[in-house]
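Written below as structure tokens is the structure these notes are about.
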Amino acid sequence: AHWPLFVAFVATQSSESRKDLRSAGSQPSQHSQPVKDPARSPAQLWQTVDDIFISWLVQQGPALLFGETVMQEMDFYEVARPVLCKNVRALQAWQESKHIPAALPQLKQRAQRCAHHLALLLELPLLRPGWESSTEEVLEMARVVVAHPQTFNSGVRRRITWQLEGHLRGEAKHALAYEVDEAQLHKFLSHGAAPRDSGRVGPISLGALRDLGPPWLVGRKSQFSITEPWVERTLAAR
């Protein structure tokens with residue numbers, strides 16, 4: 001509902017002035033004083049704006065705002081596209097160090113930012129040749145994102161899942177549509193089926209679950225030897 005207002009606002013901004021600010025932040029003049037806090041440089045501020053926009057876009061429904069369509073609309077209005085991170089190194093660093101408490105907070109924030117960039121990057125097939133990470137690395141980190149709901153929110157996990165399952169619905173729009181085979185897809189789906197960061201079920205919980213009801217399909221009566229009705233009820237419940 002707010003997208004037309006956003007487009008109307010950015011259409012009033014000069015793309016040239018934005019490029020000047022980016023270049024001014026990345027290439028300071030010889031006569032300028034060194035920036036004491038790089039986070040306050042114009043380039044860093046624009047990157048923060050880009051990160052906010054990317055995060056907002058990824059949280060929307062992909063059927064409503066598909067990444068490639070939004071970028072084409074920004075090109076039409078001559079609005080500079082957000083700068084995307086074209087690798088998954090931040091996610092890899094978090095994955096390798098997630099069991100080290102001292103390094104976790106900062107790496108976690110970088111990984112969450114990288115996950116949103118990855119979700120949008122998957123929707124831009126034209127940028128595929130410029131990726132700095134291999135297909136296997138991207139798929140592995142996509143599996144990591146969807147399997148850790150306590151670290152990555154439902155919006156980014158849902159969007160990545162929607163993209164990689166696209167060809168099952170006859171929609172080959174994402175950047176890896178022609179590179180993901182059935183084995184890789186099933187491996188991805190298996191990671192999303194159960195969270196990997198919720199810990200293990202303890203013996204007390206297992207005992208409580210075991211004692212909730214009598215065991216199924218155990219006994220010598222005829223009802224236990226005929227399993228077809230039980231299988232049909234199980235499938236119907238799903």
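Residue numbers run from 1 in the order of the sequence given.
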Original post:
Gln163 side chain to Ala119 main-chain N or O, any donor-acceptor pair under 3.5 Å?
Top reply: yes
**OP:** Say whether, by atom type as modelled, one donor and one acceptor occur between the side chain of Thr48 and the main chain of Gln44 under 3.5 angstrom.
**Re:** yes
Original post:
In Å, rounded to the nearest 0.5 Å, how long is the span from CG of Leu124 to NZ of Lys86?
Top reply: 9.5 Å
Subject >> Residue pair Leu91 / Val144, side-chain heavy-atom distance below 4.5 Å >> reply: no
Subject >> Check: His117 and Val58 side chains under 4.5 Å, non-hydrogen atoms >> reply: no
Original post:
Where do Asp50 and Val83 come nearest, in terms of heavy atoms and distance?
Top reply: OD2-N, 3.2 Å
Original post:
Do you reckon Ile52 sits in the same ILVMFWY cluster as Val79, going by side-chain contacts under 4.5 Å, direct or chained?
Top reply: no
**OP:** Could you check if a side-chain atom of Arg89 sits within less than 4.5 angstrom of a side-chain atom of Glu132, using non-hydrogen atoms only?
**Re:** yes
Subject >> Validation row: Val138, Trp131 side chains within 4.5 angstrom (heavy atoms) >> reply: yes
**OP:** Measure the spacing between CD of Gln112 and OG of Ser55 and express it to the nearest 0.5 Å.
**Re:** 9.5 Å
Original post:
With a 4.5 Å limit on heavy-atom distance, are the side chains of His116 and Asn153 in contact?
Top reply: yes
Original post:
Stepwise, does the side chain to side chain contact (heavy atoms under 4.5 Å, CB included) test hold for Leu65 with Trp56?
Top reply: CA-CA 11 Å; Leu65 291 175; Trp56 173 84; 3.7 Å; yes
Original post:
Between Arg157 (side chain) and Phe152 (backbone), is there a donor-acceptor pair under 3.5 Å?
Top reply: yes
**OP:** Would you check if Thr151 and Trp94 make a side-chain contact, meaning some heavy-atom pair closer than 4.5 Å?
**Re:** yes
Subject >> Interatomic spacing from CD1 in Ile160 to CG in Leu120 - rounded to 0.5 Å >> reply: 10.5 Å
Original post:
Which distance, rounded to the nearest 0.5 Å, do you find between the SG of Cys114 and the CD of Gln109?
Top reply: 14.0 Å
**OP:** Can you measure from CE (Met71) to CG (Leu127) and round to the nearest 0.5 angstrom?
**Re:** 9.5 Å
Original post:
Does any N or O in the side chain of Arg159 come within less than 3.5 Å of the main-chain N or O of Gln60, such that one atom is a donor and the other an acceptor?
Top reply: yes
**OP:** Apply side chain to side chain donor-acceptor pair (under 3.5 Å) to the pair Asn87 and Glu137, showing each step before the final yes or no.
**Re:** CA-CA 9 Å; Asn87 60 70; Glu137 291 174 333; over 6 Å; no
Original post:
Roughly how far apart are Leu118 CG and Met141 CE, rounded to 0.5 Å?
Top reply: 9.5 Å
Subject >> Leu57 and Phe66, any side-chain heavy atoms less than 4.5 Å apart >> reply: no
Subject >> Closest non-hydrogen atom pair between Ala93 and Leu107, with its separation >> reply: O-CD1, 4.0 Å
**OP:** Kindly write out the residues that satisfy salt bridge (charged side-chain N to carboxylate O under 4.0 Å, His left out) with Arg110, not counting sequence neighbours, or none if the list is empty.
**Re:** none
Original post:
Under a 4.5 Å cut-off applied to non-hydrogen side-chain atoms, are Gln47 and Pro82 in contact?
Top reply: no
**OP:** Say whether Leu121 and Leu126 are linked into one hydrophobic cluster, either directly or through other cluster members, by side-chain heavy-atom distances under 4.5 angstrom.
**Re:** no
